[in-house]
Structures are given as C-alpha cells and as structure tokens.
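Just the heavy atoms: all of them, side chains too, but no hydrogens, waters or symmetry mates, feed the values below.
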Amino acid sequence: MEEISSGESKVLRYLSENEADGYIAESGISIEGLDDRAVSSSVSWLESKKLVDCKRESVSKYTITDEARSYMESGFPEEKLVKLVGQGTSSIKDIMRKLGPAQGKIALAQIAKFGIKPSGGSITISNPSEILNEVANRRNGLATIEEGKIPEKKIMDHLRSRGNLVVEKKSQTRRVKINASGSELISHYSTADRIDNLTPEMLLSGSWKGKEFRKYDLNSRVSALEGGYFHPLTVLINRIREIFFDMGFTEMTGNYVEHALWNMDALFIPQDHPARELQDTFYLESDHEFRIQDPEIAERIKKVHEKGFGKYTGWRNKWDMKEAEKLLLRTHTTVSTARYLYEHNEPPVAVFSVERVFRHESVDWKHLAEFYQIEGSVYSPDANLSTLKWLLGEFYGKLGFDEVKLIPSYYPYTEPSMDVVVRVGNREVELGGSGIFRPEVEKILGLNGHAIAWGLGLERLAFLYYQMEDIRGIYNSDIDWLRNFRVNP
Ligand code: PHE
C-alpha cells in the first residue's frame with residue numbers, strides 16, 4: 001500500500017467526503033491546519049501516487065490599468081471631447097490643444113466609431129447622448145473588472161480592444177477528483193494513532209509509545225542533491241597560486257583603493273599621462289583627505305619625475321603632490337609590486353598576486369570593467385629578458401599552453417616592454433604585459449639591479465582554459481555551465 005503523509009490523508013479524506021462525482025477546484029479545498037501551499041503539495045503527491053486524478057485548466061484573470069482608473073475618475077477621452085464640443089469647441093486644432101495630442105488622437109478615433117468624422121478642420125456631433133450613454137457603460141465595465149468580475153461581452157471586447165485599459169493574466173488551476181485506489185486506501189486508513197513526525201515533546205512525554213509510525217519509502221525517487229563546489233575561476237586562481245608557490249614565489253596582497261602615487265607616480269607614469277584621465281580610471285570622491293604618510297617616497301618621485309638623475313632626464317614637468325594624493329580604484333596590480341619592492345628591496349625577491357583591478361571600460365566579448373590580473377616580479381641582479389621568457393613559458397606551460405610569444409610593446413615603467421601572447425590552435429590571444437623595470441622606477445623604489453615584472457589577464461586565460469566563446473560567460477552564473485565544467489587535470 002502507498003505510504004501517505006498526514007497532509008495527504010487529510011486531503012484524500014476531504015475529497016472522499018466532499019466530492020459527489022466530479023472534479024473540485026483545488027483552490028476550493030479548505031482543511032483545518034493545512035494552508036494553500038500544503039494542500040497544493042499534498043495534491044501533487046497524491047497525483048504522483050495515482051490516488052487522485054487531476055485536470056488542469058487555464059483561467060484568465062483581468063485587472064485594469066492606472067490609465068483605466070484615470071479614465072474612470074476624470075473621463076474617457078471621447079467623453080471629454082463630446083463635452084468640449086457641447087461647450088462650443090469644435091475645431092480639431094483646439095480640441096487637440098485642449099486634450100493634448102495623445103488623448104486627442106484616441107478621442108477622435110473613438111468617436112469615429114459613432115460615425116463622426118472631421119470635415120473642414122472641425123467636427124459636429126449630432127448624437128452626444130448616444131456616445132455618453134456608451135461611455136457610462138464602459139465606465140461600469142471597468143468597475144466590474146475591478147471587482148474581479150467580467151462585464152457583458154460587447155463591453156468587455158471593446159475595453160480589451162483598446163489595448164491600454166485591461167490586462168489579462170493567465171494562470172493554471174487544477175481540479176482534483178479522488179479515484180478508486182484513493183477511495184480504497186482512505187477507507188482503511190486511520191490517522192488517530194499514526195505519527196508522521198516525531199517531536200522532542202513526544203520524546204519527553206513518551207506519547208509516542210504504542211503509536212504507529214509513518215514508514216519511510218526508501219524506494220521513492222528523489223531528485224539528486226547538488227553539492228557546492230568552487231567556481232571555475234576560483235579553481236583556476238588556486239591552480240595559478242599553486243604554480244607560483246611551487247616555483248618558490250611569495251604571495252602579496254594589496255588594496256582596491258590606492259593613492260595615485262602608488263598606482264602611477266611610483267611607476268614613473270607622468271602626471272599628464274592619458275591613462276590618468278577619468279575615462280580610463282575610477283577616481284574616488286571623499287570628504288576627508290588621505291595624505292601620503294611617507295615623505296621619503298614622495299621626495300624620490302618628485303626628483304625623478306622633475307629632474308631625473310645621472311643620464312636620465314625625467315619628465316621635466318612640475319610634479320604635483322595633489323595629483324598623487326588622489327584616491328582611485330587600482331587600475332593594475334603592478335601597484336602592489338611597486339609597494340612590495342619598495343618595502344622589500346633586498347634581492348632576491350620573487351613575488352606574485354592574483355587580484356582584481358578596475359578600469360573604466362565598456363564591456364564586450366573580450367573586455368570587462370572589473371577583472372583579475374596575475375601579477376608578479378622577480379628582483380635579482382641576474383634577472384633578464386630570458387629569465388622573463390623562461391618564467392612565463394614555464395607558467396603557461398603548466399596550464400597546458402605551450403606556445404608563448406613575447407612581442408615588443410610599450411609601458412611607461414618598463415624598458416624593454418613585452419606583450420605576452422599565447423597561441424591556442426590557430427588563435428593568438430594577447431594575455432598581458434611584461435618587461436624590465438626602468439632605471440627611473442628602480443631609483444624610486446630603491447632597487448639596484450634588474451627587476452622583471454608582468455601583469456597578465458586572468459579572465460582571458462580562463463576563457464581559453466575552459467574553451468569558452470565569450471569572456472562574460474565567466475560571470476554569467478549559467479548554472480549548467482557551473483555544474484558541468486570540468487577542470488583540466
Ligand atoms: N600593468 C600592466 C597592465 O596592466 C601590465 C604590466 C605589468 C606591464 C608589469 C609591464 C610590467 O596592462
């Protein structure tokens with residue numbers, strides 16, 4: 001015999017007692033102690049256990065719009081028009097002016113249905129009471145709909161045909177009928193001594209003793225449970241961190257909000273550089289001033305920017321502390337490298353981070369305004385361009401990308417500068433920038449030797465790694481993709 005819950009037994013009993021020989025509406029079932037949702041879920045269970053039969057019907061519910069309400073209160077456009085004409089306004093131009101173009105147009109279209117057409121730029125209404133009577137019917141029709149009922153067909157059709165007055169909402173209702181198996185089951189069923197749920201109270205009072213318990217149906221099919229797991233991007237980030245840890249790197253972390261000084265000035269980006277403009281960088285507004293606390297770094301930056309040193313001429317422009325004290329959302333994680341090297345200027349240093357940056361960009365299939373960079377630097381007197389090439393080749397190789405190319409590029413803080421390109425199948429994708437820090441940057445940070453550095457896009461790598469079409473897919477939260485993606489071994 002099918003096991004049923006107490007809710008199901010109540011619904012079944014209700015049906016066996018209340019239904020003569022037809023289906024009854026589920027919404028009409030009222031049982032003490034069961035709310036509508038419990039009734040509905042019991043009906044579904046009973047249906048799946050084949051103890052009741054169901055019929056589904058679609059019903060329409062109508063409501064009226066705000067516009068309809070305003071017609072009811074201050075008049076239908078055709079009503080207003082008839083009244084205006086009654087007061088002597090009959091030129092179309094005046095009517096349009098008084099009613100406004102939108103209502104004027106509706107009014108003219110509506111009275112045309114009563115056979116009234118403008119001629120010579122004005123109109124004559126010979127049957128005002130006919131129109132006003134009909135308007136009264138329409139107004140009553142709207143009131144009827146508002147009460148949840150349906151007016152006479154002719155009026156209903158008219159109101160619906162106007163398009164802007166009545167909204168139809170379709171919904172499904174279910175009608176239920178107990179069937180032979182249901183009747184059979186309920187006729188032997190006793191609820192009195194059955195326990196569905198054992199409660200702490202029952203345990204304390206011992207009232208469970210001697211009662212019959214509802215059996216669990218271990219064969220009933222339940223939907224599979226999806227456990228939680230890491231987002232594909234997190235999986236990749238952790239893989240990348242592992243690779244750098246394996247190569248002996250230290251992880252650094254930084255801040256979303258930075259001074260322009262660390263994000264730009266310390267990297268020898270001139271104060272009039274286009275990347276500093278609002279259209280590229282998100283600046284922060286603040287009622288407080290956040291001053292640079294370190295006079296030493298500011299002093300070095302000012303000197304290098306304005307005058308240079310040795311054979312390096314600097315930018316030869318006036319360096320402004322105000323510009324450097326602006327707060328921004330970091331535009332690259334090279335800001336963290338700059339501060340890290342300033343604070344750890346004893347070689348050898350090997351440092352990396354995988355963190356988020358922000359740029360004022362419009363989003364498309366390969367651009368995001370918020371994205372991660374895989375940043376890193378090696379500071380060691382013997383680090384050079386081959387070290388850089390070897391390191392990047394090693395890194396991408398461990399992720400399964402064997403063809404890595406460096407192509408000459410430009411960044412204000414590195415010389416030479418190299419863009420990093422990975423070849424996958426027959427596509428070449430640019431993944432970021434790299435280079436050797438310029439002497440000016442070394443001077444500012446207090447380095448003395450070679451520091452190589454790179455800043456690589458994570459999402460573009462992810463989209464190659466997971467063979468996706470569009471970079472935005474990573475953040476789309478497509479549940480099927482999230483459940484089914486497979487991590488490369
Ligand atoms: N910061 C650069 C960018 O955001 C990348 C880069 C890092 C270039 C380090 C050179 C050295 O694109």
Colleague: Identify whether the distance between the nearest side-chain nitrogen and carboxylate oxygen of E78 and R162 falls below 4.0 Å.
Modeller: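 Counted as a salt bridge, because a side-chain N and a carboxylate O are separated by less than 4.0 Å.
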
Colleague: Taking the side chain as every heavy atom from C-beta outward, state whether M252 and S336 have any atom pair closer than 4.5 Å.
Modeller: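 The answer is yes; the side chains approach within 4.5 Å.
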
Colleague: Between F268 and H305, what is the ring plane arrangement, given parallel below 30°, perpendicular above 60°, and tilted in between?
Modeller: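 Ring orientation of F268 relative to H305: perpendicular.
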
Colleague: Quick one: side chains of residues 386-396, donor-acceptor pairs under 3.5 Å with protein atoms, not counting sequence neighbours, listed by atom name and distance.
Modeller:
unit_1: T387; atom_1: OG1; unit_2: N384; atom_2: N; d: 2.9
unit_1: T387; atom_1: OG1; unit_2: N384; atom_2: O; d: 3.2
unit_1: T387; atom_1: OG1; unit_2: N384; atom_2: OD1; d: 2.9

Colleague: Report yes if some heavy atom in the side chain of E251 is under 4.5 Å from a heavy atom in the side chain of F245; otherwise report no.
Modeller: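 They are in contact (side-chain heavy atoms under 4.5 Å apart), so the answer is yes.
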
Colleague: Taking 4.0 angstrom as the limit, do R438 and E415 come out as a salt bridge?
Modeller: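 The answer is no: the pair does not qualify as a salt bridge.
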
Colleague: Would you say P416 and L385 make side-chain contact, with heavy atoms under 4.5 Å?
Modeller: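 P416 reaches L385 side chain to side chain.
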
Colleague: Using a strict cut-off of less than 4.0 Å between a Lys/Arg side-chain nitrogen and an Asp/Glu carboxylate oxygen, indicate whether E299 and K303 qualify as a salt bridge.
Modeller: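 Salt bridge flag = no for K303 with E299.
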
Colleague: List the residues meeting side-chain contact (heavy atoms from CB on, under 4.5 Å) with T253, not counting sequence neighbours, and say none if there are none.
Modeller: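 If we apply the side-chain contact (heavy atoms from CB on, under 4.5 Å) test to T253, skipping adjacent residues, the hits are E355.
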
Colleague: Less than 4.0 Å between a side-chain N and a carboxylate O, is that true for K49 and E8?
Modeller: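 Salt bridge flag = yes for K49 with E8.
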
Colleague: State, yes or no, whether a side-chain contact exists between P77 and Q110 at a heavy-atom distance under 4.5 Å.
Modeller: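 In short, these two side chains do not touch, never coming nearer than 4.5 Å.
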
Colleague: F358 and ring pair (Phe, Tyr, Trp, His ring centres under 6.0 Å): which single residue from Y283, F282, Y256 fits?
Modeller: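 When ring pair (Phe, Tyr, Trp, His ring centres under 6.0 Å) is applied between F358 and each of Y283, F282, Y256, only Y256 qualifies.
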
Colleague: Is it the case that the side chains of T333 and Q373 hold a donor-acceptor pair, with the cut-off being a distance below 3.5 Å and no angle test?
Modeller: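 Yes, T333 and Q373 have a side-chain donor paired with an acceptor closer than 3.5 Å.
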
Colleague: Under 3.5 Å, is there a donor-acceptor pair between the T331 and D280 side chains?
Modeller: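 Their side chains do not contain a donor-acceptor pair, so the 3.5 Å distance test is not met.
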
Colleague: State which residue, out of M247, R241, E242, fulfils the side-chain contact (heavy atoms from CB on, under 4.5 Å) condition with F244.
Modeller: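 Answer to the side-chain contact (heavy atoms from CB on, under 4.5 Å) test with F244 among M247, R241, E242: M247.
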
Colleague: Charged N to carboxylate O under 4.0 angstrom, E168 versus K61?
Modeller: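 A salt bridge is absent here (no side-chain N lies under 4.0 Å from a carboxylate O).
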
Colleague: I'd like to know if E325 and R291 make a salt bridge, using a cut-off of under 4.0 Å between side-chain N and carboxylate O.
Modeller: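 So E325 pairs with R291 through a salt bridge.
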
Colleague: Between T414 and Y411, is any pair of side-chain heavy atoms under 4.5 Å apart?
Modeller: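 The answer is yes, as the side chains (C-beta and beyond) meet within the 4.5 Å cut-off.
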
Colleague: Please list, chain by chain and in numerical order, all residues satisfying side-chain contact (heavy atoms from CB on, under 4.5 Å) with K98, sequence neighbours excluded.
Modeller: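 Residues passing side-chain contact (heavy atoms from CB on, under 4.5 Å) with K98: L84, T89.
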
Colleague: Verify whether the ring centers belonging to H332 and Y413 lie closer than 6.0 Å.
Modeller: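 Yes.
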
Colleague: Inspect the contact between K83 and E79 and indicate whether a charged nitrogen and a carboxylate oxygen are less than 4.0 angstrom apart.
Modeller: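 Salt bridge present between E79 and K83.
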
Colleague: If you define the side chain from C-beta out and look only at heavy atoms, does anything of I374 sit under 4.5 Å from L461?
Modeller: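 SC-SC contact between I374 and L461 confirmed.
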
Colleague: Counting heavy atoms not belonging to N255, are there more than 12 under 6.0 Å from its CG?
Modeller: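 Yes, because the 6.0 Å sphere around CG of N255 holds more than 12 heavy atoms from other groups.
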
Colleague: Tell me whether R276 is salt-bridged to D265, with the criterion being a basic N under 4.0 Å from an acidic carboxylate O.
Modeller: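 Judged by the 4.0 Å cut-off on N to carboxylate O distance, R276 and D265 do form a salt bridge.
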
Colleague: More than 12 heavy atoms of other residues, nucleotides or ligands under 6.0 Å from CG of D36: yes or no?
Modeller: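 No, because the 6.0 Å sphere around CG of D36 holds 12 heavy atoms or fewer from other groups.
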
Colleague: Can a salt bridge be assigned to the pair E258 and R339 using a cut-off of 4.0 Å between side-chain N and carboxylate O?
Modeller: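 R339 and E258: salt-bridged.
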
Colleague: Under 4.5 Å between any side-chain heavy atoms of Y340 and V335, yes or no?
Modeller: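 A side-chain contact is absent here, since even the closest heavy-atom pair is not under 4.5 Å.
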
Colleague: To the closest 0.5 Å, what do you measure between CG (L267) and CD1 (I301)?
Modeller: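 Here the interatomic distance stands at 8.5 Å.
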
Colleague: Going by distance alone, is a donor N or O of one side chain under 3.5 Å from an acceptor N or O of the other, for E375 and S353?
Modeller: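 No pair is found: no donor N or O on one side chain lies under 3.5 Å from an acceptor on the other.
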
Colleague: Among V420, V421, V422, exactly one meets side-chain contact (heavy atoms from CB on, under 4.5 Å) together with E430. Which residue is that?
Modeller: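 The option that passes is V421.
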
Colleague: For atom CD of E343, is the number of surrounding heavy atoms from other residues, nucleotides or ligands below 6.0 Å larger than 12?
Modeller: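 For E343, atom CD is crowded (more than 12 foreign heavy atoms under 6.0 Å).
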
Colleague: I'd like to know if D480 and R483 make a salt bridge, using a cut-off of under 4.0 Å between side-chain N and carboxylate O.
Modeller: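 No, D480 and R483 are not salt-bridged.
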
